[in-house]
Structures are given as C-alpha cells and as structure tokens.
2 protein chains.
Amino acid sequence: MSQPDTSLRARKRRAVKGDLTLAAIDLFITNGYDETTVEKIAAAVGMSERTFFRYFATKDDVLEQLSAYWRDLAARTFAERPADESDWVSIRRCFDDFVESTRRDDFALPLLRLIYATPQLYGRHMHNVRRWRQMFEGVLRTRHPQAPDLAIRVKAASAMACMECAREAWVATDGERPIADLIDAAMSEVWPLV
Amino acid sequence: MSQPDTSLRARKRRAVKGDLTLAAIDLFITNGYDETTVEKIAAAVGMSERTFFRYFATKDDVLEQLSAYWRDLAARTFAERPADESDWVSIRRCFDDFVESTRRDDFALPLLRLIYATPQLYGRHMHNVRRWRQMFEGVLRTRHPQAPDLAIRVKAASAMACMECAREAWVATDGERPIADLIDAAMSEVWPLV
DNA sequence: TCAAACTTGTCAGTGACTGACGCGACGAAG
DNA sequence: CTTCGTCGCGTCAGTCACTGACAAGTTTGA
C-alpha cells in the first residue's frame, strides 16, 4: 500500500483478488451469505476453492478488502486536514469518501442490509469498525501527544458509534435520507460540528 | 425468563445449559477458543457433541448465555430508576451489576482478554453489545415517546461505546484500575454524569 | 537460459453444524 | 400397574469452512 508493487505478478494478484471480491459480494447479495459456498465464489471467476483461501483467510474476509480501502483513504484525509480544525470536524470529513461511494456504488445499500441481517457478517463488520477506531486513535494521538488515553479512545469510539447509527438508520429507512445528513445529525448529537 | 418454568424438565434443562456454559468458558480460557472443540466441551460434562448443539446454536453462542443474564438485569434496573433522573446517569447505573460481577467472578478479566484477542468471539461479543444497545433504545423510547429516533439511537450507542472503551482499557491495563472508575471517566467525556 | 520463487489444482483430513433415526426415561390416562 | 405419548439423548451420515502436503506449470532475475 505504501509501496505499490507494479510487477506483473503483483498486479495480477490484485486483479484476481478484486475479481473474487466483486464476485463474492454479488453472490452474497443475490443468494444470501450462507447459501453462497466458497466453491461457488471460486467457480464464478474460474478458480478452485483452494485458491480462494490463498487470497482470503476466511469467507467473510472478503469484506476486509473493501473496508481497508476506505480506511486508508480516511487516514490520508485526516492527515491533510488543517491542524487548527477541531477533531470532530476532521473526523467527520474522513467519512466523506465513504459517503461518496454510497452514491456511486449501487451495491452499498443491499450490502449493508445483508451485513446487518447476517450475524457472521455483522461480526466481521464490527471487527472492521474496530480497526477504523484504532486508526482514528492513532491519528488523534499524533495530534494530541499529551492527551489522556481514555479521552482519545472515547472520541474515536464515539465517532464510530455515530457512523454506525447513521448507517443503521440509513438502512432502516431504505436509503431515503442521504447518509451524509444522517452522519451530520448523529455527530451533532454528541458534540457540535464546528 | 418472564415466566420461569419450574417443571423438573425445565430446571434440568437450565442446569445442563449452565454446566455446559461454565465448562465451555473454562476450556476457552485455559486452552484457547480454536483449540477447544465442541466435542471436548461436551465430554467435560459427559454428553455427546450432538447434545451441545441442542442447547446452543453455535459454539460461540455460549457467550449469549452470560450476556443475556446481565442484560435482563440492566433492563430491570433502568425501569426502577427515578423518572426525573437524567438518562445518562440511569444508563450508568445499569452497568453496576456487570461491574459487580467483575469483582466477584475471577474469570471476567481472562474471558474479556480472550474475547478481544479472538476474532470470532469478538464478533459475537459485538452482536451482544448491539442487543444491549437495542435494549437501551427500547427503554429510552418509553421514557421519551416524542424524541427523534436518531437522538435515542445515538444516546444508546454512545453509552455502549463508552462501556466498550472502559472494558478495553480495563483489559489493556490488566484490570489495575477498577472498571467502575473507567466507565465513569469514559462516560464523563461525552456528557456530564449528573 | 536456467534455477529459484511463486501460483494453482488435487487430495486427504479436521472441525462446526444439521437432519434422520432409534432408544430409553418419565409423566399422564386408563 | 400398564400403556401411550412426549422428550432428551446418542449414533450415524452428510455438508461446508478451512488447512497441509504434494505435484505441475509460470514468472522472475541473475
């Protein structure tokens, strides 16, 4: 990620991983998670089941692929925010890339619906949320080297809690209100967005 | 739970479920989660593997047993709080039973440590946290019938986020500071506890 | 051009989980 | 006291997630 490998092998590997990710998500959404066997996912891209596990540690690891992409974008966004901006606003801006993707990718809503309805996927999702939180803890720490640990922890956790509230509300209302509004409203309940 | 069945069969069933729960947690802590097969758990109480799955839907479903117990206590506590008390304080008091248990049960710390180190258990744990959150949303709704949905959602989610921060900090510091202090400190970061 | 490094398929095996079947215990009705 | 129905349990067979080992083919770099 820091040193993008451009060798043929590395590019091919990324391409195959991307293909598997898209195929898996497509099958998850149309057929359900439990009904989608790893063998079917692999067959959808013309590979063997064994090969799938050479790209993903587990069946639900597919979600990590997407989450990591946006998380890296978010981390970069935070680093580029003005230093005198409030933490709360900086964090809010980190969610913009994800918000944008919900407008572009039409699988965002059905995928989230599936995640919230499938215990296994929900567990993996919260694992990813935790990694987002740890990412925020890291960048907040560099901005406030002297702040107490718990204060940083709570700020990052609250932000992710608001994000989750917005996402769940978005799914619960079938995406009627734009998710950006929901995030703003949720975060404003905790601290003002200024 | 609401209508405790006192028939011989029902009591026996609860006893067996409790035995399996304790045996499983004990094995999880001493040998690790992945290393503990369902067969071993069942053997520890002299039953067959098949029978385990007549009491629990999945291997990690064992955690639900504990979580549900404290969640029901918490719901009852909230209902008995004075109506003019602030939501934030009422919620804080709901955590007291769990806090008390961390002092009594010596498996609380190693179990939490294991949960945070085991992806599968963490996923199930967050599923339980979600049910706590939904429980709080329910009781907050009865206290504020007119409040906007998102406000209630955020309040419940923030409370659980603070609880999780406290728990993780407690584990990270090997239980040095009492968890009650950590919960107070975390919740005070968001809203004053008055 | 050749050897090391990497990728993939096949196969066998473990463990979580499910459905079907049969047996024995126990409470209720006669 | 017997008989009938229900329920809890064990056994067995089967699916699926996941892993290790081996063999064959491909890419890379000297």
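Just so we're on the same page: letters track the sequence lines, and every chain starts at 1.
- The NZ atom of B:Lys40 sits 9 Å away from the P atom of C:dA16 (whole-angstrom rounding).
- Among C:dC6, C:dC17, C:dT8, the nucleotide with an atom closest to any side-chain atom of A:Arg9 is C:dC6.
- Of the listed nucleotides (D:dC9, C:dC17, C:dT8), D:dC9 has the atom at the smallest distance from the side chain of B:Val16.
- In this structure, B:Asp34 atom CG and C:dT14 atom P are separated by 17 Å, rounded to whole Å.
- Distance A:Tyr33 OH to C:dC17 P: 12 Å, rounded to the nearest Å.
- In the model, B:Asp60 has no side-chain atom that pairs as donor or acceptor with a side-chain atom of B:His127 under 3.5 Å.
- Between the side chains of B:Gln120 and B:His125, no donor-acceptor pair is found at a separation under 3.5 Å.
- Remark: B:Glu39 CD is loosely packed, at most 12 non-hydrogen atoms of other residues, nucleotides or ligands lying under 6.0 Å away.
- Look at CG on B:Asp60: it is 14 Å from C1' on D:dA17, rounded to the nearest Å.
- Which of D:dC18, C:dG9, D:dG8 sits closest to the side chain of A:Phe53 comes down to D:dC18.
- Comparing D:dT11, C:dG15, C:dA5 by their closest approach to the side chain of B:Ser48 singles out D:dT11.
- A ring-ring contact (aromatic ring centres under 6.0 Å, His included) with A:Phe98 is found for one member of A:Trp132, A:Trp170, A:Tyr69, A:Trp70 and no other, namely A:Trp70.
- As rounded to whole Å, 14 Å separates atom P of C:dA16 from atom CG of B:Asp61.
- Rounded to whole Å, atom P of D:dT19 lies 17 Å from atom CD of A:Glu39.
- Among D:dA17, C:dT7, C:dA16, the nucleotide with an atom closest to any side-chain atom of A:Lys59 is D:dA17.
- Contacts of B:Glu49 with the nucleic acid, taken as non-hydrogen atoms under 4.0 Å apart, include base atoms.
- The CD atom of A:Glu35 sits 13 Å away from the P atom of C:dT18 (whole-angstrom rounding).
- Note on ring orientation: taking the six-membered ring where Trp is involved, the planes of A:Tyr122 and A:Tyr116 are tilted (angle from 30° to 60°).
- If you take CD1 of A:Ile41 and P of D:dA17, they are 8 Å apart, rounded to a whole angstrom.
- Here B:Arg54 lies in heavy-atom contact (under 4.0 Å) with a base.
- Nucleic acid contact class of B:Tyr55 (heavy atoms, under 4.0 Å, all strands): sugar-phosphate only.
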